[in-house]
**Q** 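After the structure tokens below, expect a handful of questions from me.
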Amino acid sequence: MKNTNHYVVNFDDKLHTSPYSISLYRYWRQLHRQQRLFIIAIVLLCLFIYIGYRSHGAEKMKKLPEDYHRQEVAKDKQAWQRKKIEQIESNKVKVQKRIFSNPINEHQIAVRDAMRHAWKAYRTYAWGYDELQPISKTPSMWFGIGLTIVDCIDTLYIMNMTEEYNDAREWIATSFDCDANSVDKFNSHFEITIRILGGLLSIYHLTGDEIFLKRAVELGDRLLINFNTPTGLPLAEINLKRKAASGYRWTSDSALSEVGTVQLEMRDLSRISGDQKYENAADKSAAVLHNQSKKDGLVPIFISPLNGRFSGGVVSFGARGDSYYEYLLKQWVQTGKQRSVFWDDWIECIGGVRKHLWRLAYPEKLYFVGELMSLSTFSPKMDHLACFLAGNMALGWSYQRNLTYLLDMAKDLTKTCYKMYAKQPTGLSSEIAYFNTDAQLNVETITVRDNDAHNLLRPELIESLYYMYFLTNDKIYQDWGWNIFQSFEKYTRQTDGYSSINDVRNKDNVRPRDKMESFFLAETLKYLYLLFDTQNLFPYDEWVFNTEAHPLPAYKN
């Protein structure tokens, strides 16, 4: 039988024919079964790890484009934000600190002493609150955001009241808070803008202290909410804490002065912050007012922010109308006298005054500015507020001196407004006066009614005296200002602070009102102090005062 074992070839032998493989094979056969299983397990584990690694890598490679895209988008966004910040920073107007000296004459010293007296009383009895009630020696709450401190800090700085200024600055740095519970209420958007935002802007321009810019931006961002209307005209009220805007409860309309006297402040905030959004809101609202139909530049004192329509038919340079006309000229000055639309609207409204509101009162032949009822019927009523117009016309004349009628009207109105003071037993003006326009009647030229006999420590005539003195160099305007200041000292000064009074006609019983308005410190005393200087500390080509007497720079464009 043929032996077939020679032809049988073991499969393992066929695979391991090299010396190295034979040795490995013999080694493998000599291992115990458990050792073989262990090695097999190790090999399988390594294989499993390798396969898992490859699959994870493939998945990662699959996702890389999406992750890469997200990273690139994030980088682009960060770069855009950096670019925007850099652009805002580059747009910011540079501010240079101003230094003011001590009072230079007896009149200025007296006014600064009055400021010290008012501030000390507020500091003692109402610190951190809005205003002082000087008779009861208690604080009063209005905005809930330290109104008197912010409104008059630039007055403290201009008068070089260093200690008082430092206290005010510290409060603004540490306690000014738009999120405080005390501001959880609806208040006048207009008043907050001119008094608080205006105060912050002004003191920033005078000192260059960044804390004031920071606070102004915090406040301005909230005030911007009010401009979010169909027309771009701001709503009347704002709740700073809730960041909510509202019209009045009794009407959807706003006063003309409320929508037309916020542009200087918002525009300036853009210039110093570098963020255009505030100025955009100011310009849009100004354009809406410009585009409305007018009667020789005159408009009623109510307007709807919802549709831009005027209502009511009353035309007045007093309450609810005054500062709209004031800001027409001042916006032209603020923007470098480059935007002719502001000048054109202002000069047109002065023409409307000459045609419809300018009258002569008898028998003393005093010129005054009356009002229109239903856009046609003349009323011989003039608010003390309208006395700003004298200085406003004088300021306009200083830029166009060929328009001599502007200075003539300014002189006549300043004289009339001073008579409103001088003819009263206290030497102080009433809030409202009526004038006799009938030369045949044997009555007083100026009449004060019972409900109008109060004096609120207002600044409007002092403001006009300040312009008139530095534009004409006639010392009569300083003399008139000194007479008024002495009357304030005699009839409104209290043991602590100053108080509005109820009756300017009765020097024996003026009946104090227990209220010291923040604008007495912010405006009246400031304008008196500036009036008595030997030089104009704020040249009219370089500075413009907002309606709360806060100086802001006039820009070149």
Side-chain angles (χ1 to χ4, degrees), residues 100 102-103 108-177 180-183 185 187 191-192 195-196 199-200 202-203 207 209 211-212 215 428 454-459 485-502 510-529 548-550:
F100 294 91
N102 285 321
Q108 278 196 319
I109 291 172
V111 175
R112 190 169 79 162
D113 287 344
M115 183 67 182
R116 278 212 172 100
H117 180 72
W119 177 262
K120 180 181 178 182
Y122 170 79
R123 184 73 174 84
T124 302
Y125 299 107
W127 185 246
Y129 289 87
D130 290 311
E131 290 175 324
L132 168 69
Q133 297 177 140
I135 306 303
S136 61
K137 297 180 176 58
T138 58
S140 67
M141 186 71 79
W142 183 9
F143 301 138
I145 200 165
L147 170 61
T148 294
I149 296 173
V150 185
D151 204 9
C152 77
I153 189 173
D154 58 353
T155 305
L156 298 172
Y157 190 78
I158 291 168
M159 292 184 180
N160 204 24
M161 296 172 60
T162 305
E163 180 180 346
E164 293 86 348
Y165 163 77
N166 287 335
D167 285 346
R169 190 261 178 208
E170 179 67 16
W171 188 91
I172 292 173
T174 60
S175 301
F176 183 94
D177 185 4
N181 290 332
S182 59
V183 299
K185 62 184 77 173
N187 270 311
E191 295 286 1
I192 293 174
R195 299 195 194 205
I196 299 180
L200 292 169
S202 174
I203 194 60
T207 66
D209 191 330
I211 188 60
F212 301 125
R215 295 290 182 257
L428 295 174
H454 50 285
N455 180 286
L456 303 181
L457 311 173
R458 286 199 186 278
F485 174 72
Q486 289 181 305
S487 293
F488 278 132
E489 287 292 288
K490 186 172 183 179
Y491 294 105
T492 70
R493 184 178 176 121
Q494 307 299 328
T495 304
D496 295 280
Y498 292 78
S499 179
S500 304
I501 59 176
N502 271 304
V510 296
R511 292 186 290 129
R513 278 193 158 196
D514 199 19
K515 184 174 178 61
M516 185 172 75
E517 300 278 359
S518 74
F519 58 65
F520 179 66
L521 293 78
E523 299 186 73
T524 308
L525 293 179
K526 181 188 293 164
Y527 278 130
L528 281 166
Y529 188 82
E548 189 74 7
H550 295 305

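Starting from 1, each residue takes its place in the sequence as its number.
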**Q** Quick one: list whatever passes side-chain contact (heavy atoms from CB on, under 4.5 Å) with T495, sequence neighbours left out.
**A**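 By the side-chain contact (heavy atoms from CB on, under 4.5 Å) rule, T495 matches no residue at all.
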**Q** Less than 4.5 Å apart, any side-chain heavy atom of M115 and any of V111?
**A** no
**Q** I'd like to check the ring pair (Phe, Tyr, Trp, His ring centres under 6.0 Å) partners of Y529; sequence neighbours left out, ordered by chain and number.
**A** none
**Q** Run the side-chain contact (heavy atoms from CB on, under 4.5 Å) test against N181 and tell me which residues pass, sequence neighbours left out.
**A**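 With neighbours one apart ignored, the set is K241.
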**Q** Just how far is it from atom CD1 of I172 to atom CG of D177, taken to the nearest 0.5 Å?
**A**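 One finds 13.5 Å between CD1 of I172 and CG of D177.
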**Q** Suppose we screen for ring pair (Phe, Tyr, Trp, His ring centres under 6.0 Å). Which residues come up paired with F485, at least two apart in sequence or across chains?
**A** W482
**Q** Atom CG in L457, atom CZ in F488: separation rounded to 0.5 Å?
**A** 5.5 Å
**Q** Please enumerate all residues that pass side-chain contact (heavy atoms from CB on, under 4.5 Å) together with K185, with sequence neighbours excluded.
**A**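 Only M141, N187 meet the side-chain contact (heavy atoms from CB on, under 4.5 Å) criterion with K185.
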**Q** Is the shortest heavy-atom distance from the side chain of R458 to the side chain of T524 under 4.5 Å?
**A**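 With C-beta onward as the side chain, the pair stays apart.
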**Q** Excluding sequence neighbours, so at least two apart, what forms salt bridge (Lys or Arg N to Asp or Glu O under 4.0 Å) with R169?
**A**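 D209.
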**Q** Could you tell me if N102 and R112 have a donor-acceptor pair between their side chains, going purely by distance under 3.5 Å?
**A** yes
**Q** Starting from the C-alpha separation in whole Å, work towards a yes-or-no answer on side-chain contact (heavy atoms from CB on, under 4.5 Å) for D154 and K526.
**A** CA-CA 9 Å; D154 58 353; K526 181 188 293 164; 2.9 Å; yes
**Q** The test is side-chain contact (heavy atoms from CB on, under 4.5 Å); show your working for I196 and V150 and say whether it passes.
**A** CA-CA 6 Å; I196 299 180; V150 185; 3.9 Å; yes
**Q** Considering only residues two or more places apart or on different chains, which pairs with a residue in residues 120-136 satisfy side chain to side chain donor-acceptor pair (under 3.5 Å)?
**A**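 The answer is E131-K515, Q133-T138, S136-T138, S136-D514.
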**Q** What are the two closest non-hydrogen atoms of S499 and P134, and how far apart are they?
**A**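 Closest approach of S499 to P134, heavy atoms only: CB-CG, 3.7 Å.
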**Q** Please report the C-alpha distance between E191 and F143 in whole Å, then the side-chain angles of each, then the deciding distance to 0.1 Å, and finally whether the side-chain contact (heavy atoms from CB on, under 4.5 Å) criterion is met.
**A** CA-CA 9 Å; E191 295 286 1; F143 301 138; 3.6 Å; yes
**Q** So among I501, V510, L456, which one has a side chain to side chain contact (heavy atoms under 4.5 Å, CB included) with T492?
**A** I501
**Q** Is any side-chain heavy atom of E517 less than 4.5 Å from a side-chain heavy atom of S500?
**A**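 Answer yes - side chains close enough.
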**Q** When rounded to the nearest 0.5 angstrom, what is the spacing between CG in L428 and NE2 in H454?
**A**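 Between atom CG of L428 and atom NE2 of H454 there are 13.0 Å.
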**Q** Distance from T148 atom OG1 to W171 atom CH2, nearest 0.5 Å?
**A** 10.0 Å
**Q** For a quick test of reading the model, state the closest non-hydrogen atom pair linking G497 to A121 and the distance between them.
**A**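 Result for this residue pair: N-CB, 3.3 Å.
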**Q** Nearest 0.5 Å, please: how far is CZ in F212 from OG in S202?
**A**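 Spacing of OG (S202) from CZ (F212) equals 10.0 Å.
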**Q** Checking the side chain of R215 only, and the main-chain atoms of L200 only, is there a donor and an acceptor separated by less than 3.5 Å?
**A**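 No, the answer is negative, given that no donor and acceptor are paired below the 3.5 Å cut-off.
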**Q** As a test of understanding, state which of N166, D167, T174 forms a side chain to side chain contact (heavy atoms under 4.5 Å, CB included) with E170.
**A**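 When side chain to side chain contact (heavy atoms under 4.5 Å, CB included) is applied between E170 and each of N166, D167, T174, only T174 qualifies.
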**Q** Taking side chain to side chain donor-acceptor pair (under 3.5 Å) as the definition, give me every residue that meets it alongside E489, ordered by chain and number, with sequence neighbours left out.
**A**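 Per chain and number, E489 pairs via side chain to side chain donor-acceptor pair (under 3.5 Å) with R493, Y498.
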**Q** Nearest 0.5 Å, please: how far is CG in L521 from CG in L156?
**A** 7.5 Å
**Q** Taking side chain to side chain donor-acceptor pair (under 3.5 Å) as the definition, give me every residue that meets it alongside S518, ordered by chain and number, with sequence neighbours left out.
**A**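 With neighbours one apart ignored, the set is D151, R195.
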**Q** Not counting sequence neighbours, which residues clear side chain to side chain donor-acceptor pair (under 3.5 Å) with N502? List them please.
**A**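 Scan of N502 (side chain to side chain donor-acceptor pair (under 3.5 Å), adjacent residues dropped) gives R513.
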**Q** Partners of E164 by side chain to side chain donor-acceptor pair (under 3.5 Å), sequence neighbours excluded?
**A**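 Scan of E164 (side chain to side chain donor-acceptor pair (under 3.5 Å), adjacent residues dropped) gives R116.
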**Q** Are I145 and L147 packed together at the side-chain level, in the sense that at least one heavy-atom pair is separated by less than 4.5 angstrom?
**A** no
**Q** Could you tell me whether the side chain of I203 reaches within less than 4.5 Å of the side chain of H550, counting heavy atoms only?
**A** no
